[in-house]
There are 2 protein chains.
Amino acid sequence: MDYRPEDILPSISTDNIIFGLDNRKLKVLLIRRNIEPFLGNWALPGGFVLYNEDLDMSARRTLQNMTGMSNVYMEQVYTFGAVNRFPDRRVVTVAYYALINYTLDNLKAGPDASDINWFDILELPDLVFDHQHILETTLEFLRAKVRTEPIGFELLPQKFTLTELQGLYEAVLGTVFDTRNFRKKILKMNLLMPLDETQVGVAHRAARLYSFNKETYHKLKDKGFTFEL
Amino acid sequence: MDYRPEDILPSISTDNIIFGLDNRKLKVLLIRRNIEPFLGNWALPGGFVLYNEDLDMSARRTLQNMTGMSNVYMEQVYTFGAVNRFPDRRVVTVAYYALINYTLDNLKAGPDASDINWFDILELPDLVFDHQHILETTLEFLRAKVRTEPIGFELLPQKFTLTELQGLYEAVLGTVFDTRNFRKKILKMNLLMPLDETQVGVAHRAARLYSFNKETYHKLKDKGFTFEL
DNA sequence: GCAAAAGTGTTGAGCGTACACCCATGC
DNA sequence: GCATGGGTGTACGCTCAACACTTTTGC
């Protein structure tokens, strides 16, 4: 997709940090640039903001172009505007992160990129510009947020086991939880609906499936409840 | 102070939410615009970002111009970029808040304003553009932050009493604390240095003065301590 | 039957909360 | 001496952390 120069705000971009969970590993989507500067290097996906779109819309547009997904949890993190963060000219970038269901389907690199790939946050390649810094800042932000708001569920399929949930938090926070205590704590909140379903096709005792109940959360929140892990 | 048009990034501004504590009331500095649009209305102080300054520098420049203060606690909050937030053209603004020692001295309205004044956050005038929204967002941000990092001290003079400290938290958070419990909690953290000084000129028992020890805090923080109120 | 993960309770320590009275000072 | 805020301790309930074994299922 190309845009006419007169439709583009020249000095403002949005960059996306798109997180996905792959088998207890937190991963982030990166693209390989096929334009100068830094042709061939890995970068956060992003693009310039258009005159007729909000910042949020700009970030969602990028995400949609790359993954085909539109109804996704996204949040603004921070704005990076050091004078020399971008070569040759001044570009201020607003960072957004997204939590999506990990997938390998439908990934498109987009017009400015030759490749797109998931990277484990513990094994990142070198990134262009200040993207390493942006990613680190966002990870800190996510780690703080995930502890105090029930957003982690966005990384899981609708139906999940308690072990998967625990693995998610361990991957994001880089810690280990005591299984019994974790279950007690999360179940006492009453945010999870136990389903009459269990895992299928596993070579061991099948775990019960749960789903997160957003409505219940909002009701509880209105009454003063705060999620805290 | 005027700037040449070619030195100015046309589409990006910073806006400052400057907080001060006046006798157990949380106040914010506003200016009265003396330019169109919305001439004569109250607004957050701010201005366009220059090509040769970082976003942080831009916010600090505004603050310095208005208060003469330079060594001040400041932090970026959020970036507001709705298409129609600013009339006639597209302006994205990055909000910063500052915590300063309340003062009436040296306040200067600046070139685009005819007046400058402190307002109680509970008695705000109508504000231009989306400044009301920006202010509310920033207040929420501050309330969350003040609970988990010892930044409240920035609003107090170097030497303060425990009652003043308690009053500060009550003003910012809009709550009431139990005096005994508040003192126990804050003193147990070992962040306050009791001084061999007391209040002077008060018509009651003079309270002991304390000062906040930033070094101690950073040492404790490195060891895993987290401030929590 | 064995490998692999699911699932489950108790105890002790520390923390948060609730609560009321005497003290020092200035006028 | 009185008005004003300064300063202090205890007891209870709750939450958090530590800790190990049995159950179910597929192969």
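Because the structure is a prediction, the values reported are computed rather than measured. A, B, ... follow the sequence lines: proteins, then strands. Residue 1 opens every chain. Excluded from the calculations below are hydrogen atoms, water molecules and symmetry mates; all remaining heavy atoms, backbone and side chain alike, are included.
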Engineer: Would you kindly give the CZ-to-P distance between F177(B) and dC19(C), to the nearest whole Å?
Structural biologist: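 These atoms are roughly 17 Å apart.
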
Engineer: With T161(A), which of R208(A), Q199(A), Q166(A) fulfils side-chain contact (heavy atoms from CB on, under 4.5 Å)?
Structural biologist: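 Looking at R208(A), Q199(A), Q166(A), the match for T161(A) under the side-chain contact (heavy atoms from CB on, under 4.5 Å) is Q199(A).
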
Engineer: Quick one: E197(B) CD to dT25(C) P, roughly how many Å, whole number?
Structural biologist: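 Whole-Å distance recorded here is 16 Å.
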
Engineer: When the distance from CZ of F182(A) to P of dT8(C) is rounded to whole Å, what number comes out?
Structural biologist: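 F182(A) atom CZ is separated from dT8(C) atom P by 14 Å.
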
Engineer: Heavy atoms under 4.0 Å, any strand shown: does R183(A) hit a base, just sugar-phosphate, or nothing?
Structural biologist: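 Here R183(A) touches the bases of the nucleic acid.
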
Engineer: Within the pair T163(B) and dG5(D), is there a side-chain N or O less than 4.0 Å away from OP1 or OP2?
Structural biologist: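 False: T163(B) side-chain N/O out of range (4.0 Å or more) of dG5(D) OP1/OP2.
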
Engineer: Answer yes or no: does atom CG of D126(B) have more than 12 heavy-atom neighbours from other residues, nucleotides or ligands under 6.0 Å?
Structural biologist: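 For D126(B), atom CG is not crowded (no more than 12 foreign heavy atoms under 6.0 Å).
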
Engineer: Less than 4.0 Å between a side-chain N and a carboxylate O, is that true for E197(B) and K159(B)?
Structural biologist: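 Counted as a salt bridge, because a side-chain N and a carboxylate O are separated by less than 4.0 Å.
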
Engineer: How many Å lie between CG on L229(B) and P on dC15(C), as a whole number?
Structural biologist: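 That distance rounds to 15 Å.
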
Engineer: Can you classify the ring geometry of F153(A) versus F160(A) as parallel (below 30°), tilted (30 to 60°) or perpendicular (above 60°)?
Structural biologist: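 F153(A) vs F160(A) ring planes: tilted.
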
Engineer: Rounded to whole angstroms, how far apart are CD on Q199(B) and P on dG26(C)?
Structural biologist: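 Atom-to-atom, Q199(B) to dG26(C), this comes out as 11 Å.
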
Engineer: For the pair K145(B) and E75(B), find out whether any cationic side-chain nitrogen is under 4.0 Å from an anionic carboxylate oxygen.
Structural biologist: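 Yes, charged N to carboxylate O under 4.0 Å.
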
Engineer: Can you tell me the distance, in whole Å, between the CD atom of E164(A) and the P atom of dG7(C)?
Structural biologist: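 Atom-to-atom, E164(A) to dG7(C), this comes out as 11 Å.
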
Engineer: Between atom CD1 in I186(B) and atom P in dG16(C), what is the gap in whole Å?
Structural biologist: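 Value for this atom pair: 12 Å.
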
Engineer: Given Y96(B), which partner from the list D15(B), T14(B), D56(B) fulfils the side-chain hydrogen bond (donor to acceptor under 3.5 Å, both in side chains) test?
Structural biologist: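 Running side-chain hydrogen bond (donor to acceptor under 3.5 Å, both in side chains) over D15(B), T14(B), D56(B) with Y96(B) returns exactly one hit, D56(B).
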
Engineer: Can you tell me how the ring of W42(A) sits relative to the ring of F119(A), calling it parallel under 30°, perpendicular over 60° and tilted otherwise?
Structural biologist: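 W42(A) vs F119(A) ring planes: perpendicular.
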
Engineer: Show the distances under 3.5 angstrom between N or O atoms of the protein and N or O atoms of nucleotides 9-12 of chain C.
Structural biologist:
from    : atom 1 : to      : atom 2 : distance (Å)
dT10(C) : O4     : K184(A) : NZ     : 2.8

Engineer: To the side chain of K185(A), which of dA6(C), dG7(D), dC16(D) is closest?
Structural biologist: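 For K185(A), the side-chain atoms sit closest to dC16(D).
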
Engineer: Polar-atom pairs under 3.5 Å, protein N or O versus N or O of nucleotides 23-27 of chain D: list them with distances, or write none.
Structural biologist:
from    : atom 1 : to      : atom 2 : distance (Å)
dT23(D) : O2     : R205(A) : NH1    : 3.0
dT24(D) : O2     : R205(A) : N      : 3.3

Engineer: Could you tell me the separation between the NZ atom of K188(B) and the C1' atom of dT8(D), rounded to a whole number of Å?
Structural biologist: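 It is 16 Å, rounded to the nearest whole Å.
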
Engineer: Report the relative orientation of the aromatic rings in F225(B) and Y217(B); use parallel for angles under 30°, tilted for 30 to 60°, perpendicular for over 60°.
Structural biologist: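 Geometry flag for Y217(B) against F225(B): perpendicular rings.
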
Engineer: Can you find a heavy atom in the side chain of E136(B) that is under 4.5 Å from one in the side chain of F141(B)?
Structural biologist: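 No, too far: nothing below the 4.5 Å cut-off.
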
Engineer: What nucleic acid atoms does T161(A) come within less than 4.0 Å of, heavy atoms only: base, sugar-phosphate, or nothing?
Structural biologist: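 Touches nothing.
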
